[in-house]
Amino acid sequence: MTHPALNMDLKPIVTGFFDPATNTISYVVQDPDSPACAVIDSVMDIDYAAGRITYDHADAIIAFIRAHGLRLEWLIETHVHADHLSAAPYIQGKLGGKIGIGANITVVQDTFGKVFNEGTEFQRDGSQFDALFRDGDTYQIGGMTAFVLHTPGHTPACMTHVIGNATFVGDTLFMPDGGSARADFPGGDAGELYDSIQRVLALPDDMRLFMCHDYGPNGRNIAWETTVGEEKAHNIHVGQGATRESFIKFRTERDATLAMPRLIIPSLQVNMRAGEIPTDASGRPMLKVPVNGL
Ligand SMILES: [Fe+2]
């Protein structure tokens, strides 16, 4: 694939922060030629049973950015996560930066605004975010020009972010031995996911790919970086030219066996608000559980 901003000579410095509670990897992406950086897919800690929220994971990222004297310009959400809560507003409050997500957040907000029976004060126009990306859009991190690919299928708002020779796929792909993410959430679609994965695999073979999740299949150590070439050759769901038809059949059958993610109910309510915790009529932070609503 070609995009005017594709630049394999640009090599951002990428540091991953693994969250063992949700198997999420958050990233700090640094411009090699300036103090500018971005944070991708941060995590806020929650003890759901206790309704307690803490910030150890986000604090580690903040400490890293401060220790390296970096300037945070962007907080990127690859999509509305259903398995962890975003810490973007918390980090933004400490370090600044703009929060960006795919423009189809409005579709996700509409769907889950209904599921959670949100009132009219819950805006479904994406206005909780500082930037809404469309396919092909570019943005700057210091001297680096990043661009985005709309890669729906897992969710309607999924975006893949390409920054020099580093690409952040969100849940579009897992490591080669992990395959792909589920496509059965509202607005998900296995065929669309296949098409989106093909767009990622059309990037140069030596493009570095960074995962949002890893579960260490078959007992291997947690890993989060691979390449387009490795995925094309070895991905267990889409590698070696797997067909769209076979992928849809496999993905649909597999998804029918999967339980809901443990944190889907709090995650959606927080993440569709760009990471803000909803409040009740008196202004107290409060989460809902829609009974038989998902
Ligand atoms: Fe996800």
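In each ligand, atom 1 is the first atom listed, and ligand 1 is the first ligand listed. Residue numbers run from 1 in the order of the sequence given.
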> Taking the six-membered ring for Trp, are Phe247 and His237 parallel (under 30°), tilted (30 to 60°) or perpendicular (over 60°)?
Replying inline: tilted
> Any N/O/S atom of Asp83 sitting less than 2.8 Å from the Fe ion (ligand 1), backbone or side chain?
Replying inline: no
>> Surrounding NZ of Lys288 (heavy atoms of other residues, nucleotides or ligands, distance under 6.0 Å), is the total greater than 12?
In response: yes
> Do Ser180 and Arg251 get their side chains close enough for a donor-acceptor pair, meaning under 3.5 Å?
Replying inline: yes
> With the threshold set at 4.0 Å, does a side-chain nitrogen-carboxylate oxygen contact exist between Asp214 and Arg220?
Replying inline: yes
> To the nearest 10 degrees, how large is the angle at the Fe ion (ligand 1) between His79 NE2 and Asp171 OD2?
Replying inline: 100°
>> If the cut-off is 2.8 Å, does any N/O/S atom of His154 fall short of it from the Fe ion (ligand 1)?
In response: yes
